[in-house]
Amino acid sequence: MRFPAKSGLAALAALFVTTSVYAADHRETNDTKAHPESDIADVYAWHNATNGTLTLLLTYGGGADVATRTAPLYNDHVLYQIHLDTAGTVAPETSIQIRFGQRNDGAWGVKVDNLPGSSGSVIGAVETTLTENAGTKGKVHVGLFDDPFFFDLDGFKDTVATGNLSFHNPPEDTFAGKNVMAIVLEMDLTAARSGGNKLNV
């Protein structure tokens, strides 16, 4: 796999090697429409106190109909970062870095650096669950998923037009039938907290 040299990145925004692009969610700018790999959609975080794990999920390239996007989106010129602040200072103590690379035969791989609890870089094929070097509680999975984001766009438009909070009954999910790329990271919760009392993502 060839993984390009590190490029700068502002908090959860993607930066192309040649052009700075601060990503907006769900195809809101011309740049992110042209380069959906840099279009950060949503970030989800939850923990399992029983298992002692933290799961982070970053989605990008969302809003595409399943019928029109059946192939995953990867770009070796985009660097993704998730910052963890464990001291409550709004300055990250840990920055997890994710980048993609492609072999000469066209196969894509992913490399994750600074995954809390890992013993080194987690590297392997996309669209499979990776555990090597991820630590005893670490896993990495990247691929195309059903978009988990729920939003009633028509209800939102009605709210804006009338000034009255509007929801459809039954609930209408504008993102039903859409798919999205997702980077899923599971890690040791204690390692992610780094001894701090807070954890901001």
Side-chain angles (χ1 to χ4, degrees), residues 3 6-15 22-26 36-63 72-75 78-101 108-151 175 179-201:
F3 292 96
K6 293 182 180 179
S7 58
L9 192 71
L12 294 181
L15 179 66
Y22 291 96
D25 64 325
H26 297 109
E37 305 90 350
S38 68
D39 184 9
I40 303 299
D42 301 292
V43 178
Y44 304 86
W46 65 92
H47 75 281
N48 185 317
T50 302
N51 295 335
T53 56
L54 170 69
T55 302
L56 303 176
L57 190 153
L58 182 151
T59 63
Y60 67 89
L73 299 170
Y74 304 111
N75 189 322
V78 179
L79 170 66
Y80 305 88
Q81 288 191 120
I82 300 177
H83 303 301
L84 303 180
D85 166 27
T86 59
T89 60
V90 197
E93 280 69 48
T94 302
S95 292
I96 304 169
Q97 298 182 337
I98 306 102
R99 57 173 59 87
F100 298 107
W108 284 94
V110 63
K111 178 182 180 184
V112 179
D113 289 312
N114 303 325
L115 185 73
S118 67
S119 59
S121 299
V122 181
I123 302 174
V126 298
E127 299 169 62
T128 187
T129 300
L130 306 175
T131 57
E132 187 173 356
N133 293 332
T136 58
K137 298 179 180 179
K139 296 178 184 177
V140 172
H141 192 103
V142 177
L144 195 63
F145 292 86
D146 179 36
D147 197 332
F149 187 74
F150 181 94
F151 186 64
F175 288 88
N179 58 21
V180 70
M181 290 298 300
I183 298 168
V184 185
L185 308 173
E186 185 177 274
M187 66 206 72
D188 183 276
L189 178 60
T190 300
R193 293 181 63 180
S194 302
N197 293 322
K198 298 182 178 180
L199 180 57
N200 300 314
V201 179

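Values below: every heavy atom of this structure, side chains too, minus hydrogens, waters and symmetry copies.
No donor-acceptor contact under 3.5 angstrom links the side chains of Ser118 and Asn133, judged on distance only.
Taking a 6.0 Å sphere around NE2 of His47, one finds it holds 12 or fewer heavy atoms contributed by other residues, nucleotides or ligands.
Taking both residues in full, the closest heavy atoms of Ala87 and Glu93 are given as N-OE1, 3.3 Å, listed atom of the first, atom of the second, then distance. Between Lys137 and Gly52, the closest heavy-atom pair is CD-O, 3.5 Å. The two residues Ala182 and Phe145 make their nearest non-hydrogen contact at CB-CD1, 3.4 Å. The shortest heavy-atom contact between Ala192 and Thr86 is O-CG2, 3.3 Å. In this structure, Leu56 and Ala45 approach most closely via the heavy-atom pair CD2-CB, 3.5 Å.
The side-chain heavy atoms of Ser121 and Asp113, taken from C-beta on, include a pair separated by under 4.5 Å. Side-chain atoms of Val140 and Leu115, non-hydrogen and from C-beta on, do get closer than 4.5 Å to each other. Between Tyr74 and Arg99 there is no side-chain heavy-atom pair separated by less than 4.5 Å. Here the side chains of Thr55 and Asn48 are not in contact, with every heavy-atom distance at 4.5 Å or above. With a 4.5 Å cut-off on side-chain heavy atoms, Leu54 and Leu199 count as touching. For the pair Leu144 and Val180, the minimum side-chain heavy-atom distance is 4.5 Å or more. In this structure, Leu185 and Ile96 have side chains that are in contact, with non-hydrogen atoms separated by less than 4.5 Å. In this structure the side chain of Tyr44 reaches within 4.5 angstrom of the side chain of Thr59, judged on heavy atoms.
Rounding to the nearest 0.5 Å gives a distance of 4.5 Å between CG of Asn200 and CG of Asp85. Here the CD1-CD1 distance, from Ile40 to Ile82, works out to 8.5 Å after rounding to the nearest 0.5 Å. Met181 contributes atom CE, which lies 12.5 Å from atom CG of Asp39 (distance to the nearest 0.5 angstrom). Distance CD/Glu127 to CG/Leu130: 11.0 Å, rounded to 0.5 Å. Taking CG of Leu57 as the start and CH2 of Trp46 as the end, the distance is 5.0 Å to the nearest 0.5 Å. A distance of 9.5 Å separates OG1 in Thr94 from CE in Met187, rounded to the nearest 0.5 Å.
In this structure, the side chain of Asn114 engages the main chain of Ser95 through a donor-acceptor pair within 3.5 Å. In terms of modelled atom types and a separation under 3.5 Å, the side chain of Thr128 and the main chain of Ala125 share no donor-acceptor contact.
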Item to check | Test log, rule side-chain contact (heavy atoms from CB on, under 4.5 Å), inputs Leu189 and Thr53 | outcome: CA-CA 5 Å; Leu189 178 60; Thr53 56; 5.6 Å; no
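Relative ring orientation between Phe100 and Tyr60 is described as tilted, the plane-to-plane angle lying within the 30° to 60° band.
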